[in-house]
Amino acid sequence: MNGRKRMEQGGSHKNKDAEKPLLLVSAALIMQENRVLLTQRKRGGHLALHWEFPGGKLHPGESPEQALVREIEEEVGLQIEALTPWAFVSHDYGTFHLLMPLFRVGRFYGTPQALDVHAVAWFELPSLRQLTFPPADLPLLAQLFAEQGLT
Ligand code: CDP
């Protein structure tokens, strides 16, 4: 009886969460000589002009890695390889819930260009503190600083 009641409560909790759309986005940690590559979101949309770890939404049928390879090519013209899982973000944006695996990029080819973003740039780690990030990216900054021995 108790077990059944618990199951019912669990079920209704699940249904309430399911009402909120889930957005699955894949993003990249691309580093070169202690600098990190970030993109600036376009004007006018959600989180306009915020700097972020580059990436984008999965298309149906894509793995997170496939989506990231496509997005990075489309947005900044880089070919990326040797992806390894680095972090996972689960963030409630109010109107939708973001699930975002991030991958560390082991190798890349090309020179970053702002093809489908407002801007793209390399940043020394301490200078990241001056930028405005989407709320979902803030725990990633903390993780990156901790890994690099910065406080
Ligand atoms: O480029 P695409 O339209 O596929 O996706 P996006 O607009 O770049 O990302 C979808 C949503 O993911 C954004 O509206 C942000 O809410 C979120 N996002 C984020 O919070 N942090 C990132 N580093 C990338 C995306």
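Remember, it's 1-based here, ligands and their atoms both numbered in the order they're listed. Keep in mind that this is a model prediction, so the values were computed, not measured. Worth knowing before you read on, the calculation uses all heavy atoms, side chains too, and leaves out hydrogens, waters and symmetry mates.
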(request) Consider ligand 1: state whether an atom of it lies below 4.0 angstrom from any non-hydrogen atom of F133. (result) no
(message) Below 4.0 Å from ligand 1: does a non-hydrogen atom of H91 turn up there or not?
(response) no
Which atom of [X] lies closest to which atom of [Y], heavy atoms considered:
| X | Y | answer |
| --- | --- | --- |
| V25 | L58 | C-CD1, 4.1 Å |
| P134 | W51 | CD-O, 3.1 Å |
| L125 | Q148 | CD1-CG, 3.3 Å |
| A28 | V105 | CB-CG2, 4.0 Å |

What atoms of ligand 1 come within less than 4.0 Å of a heavy atom belonging to [X]?
| X | result |
| --- | --- |
| G55 | 8 (O) |
| E75 | 1 (O) |
| R41 | 6 (P), 7 (O), 8 (O), 9 (O), 13 (C), 14 (O) |
| L47 | 15 (C), 16 (O) |

(request) Give yes if a backbone or side-chain nitrogen or oxygen of G56 is under 3.5 Å from a nitrogen or oxygen of ligand 1, and no if not. (result) no
Within reach of ligand 1, part of [X] (heavy-atom separation under 4.0 Å):
| X | answer |
| --- | --- |
| L98 | side chain |
| L23 | side chain |
| F96 | side chain |
| H46 | side chain |

(message) Looking at E62 and H59, would you say the former's side chain and the latter's main chain have a donor-acceptor pair under 3.5 Å?
(response)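 Between the backbone of H59 and the side chain of E62 there is a qualifying donor-acceptor contact (under 3.5 Å).
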(message) Is it the case that the ring center of H91 lies less than 6.0 angstrom away from the ring center of F96?
(response)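 Here the rings of H91 and F96 have centres that are no less than 6.0 Å from each other.
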(message) Are the side chains of Q79 and F108 in contact, using a 4.5 Å heavy-atom criterion?
(response)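 F108 vs Q79: side chains apart.
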(message) Could you work out, for atom 18 (N) of ligand 1, the closest of E52, H59, K42 by heavy-atom distance?
(response)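 Nearest heavy atom to atom 18 (N) of ligand 1 lies in E52.
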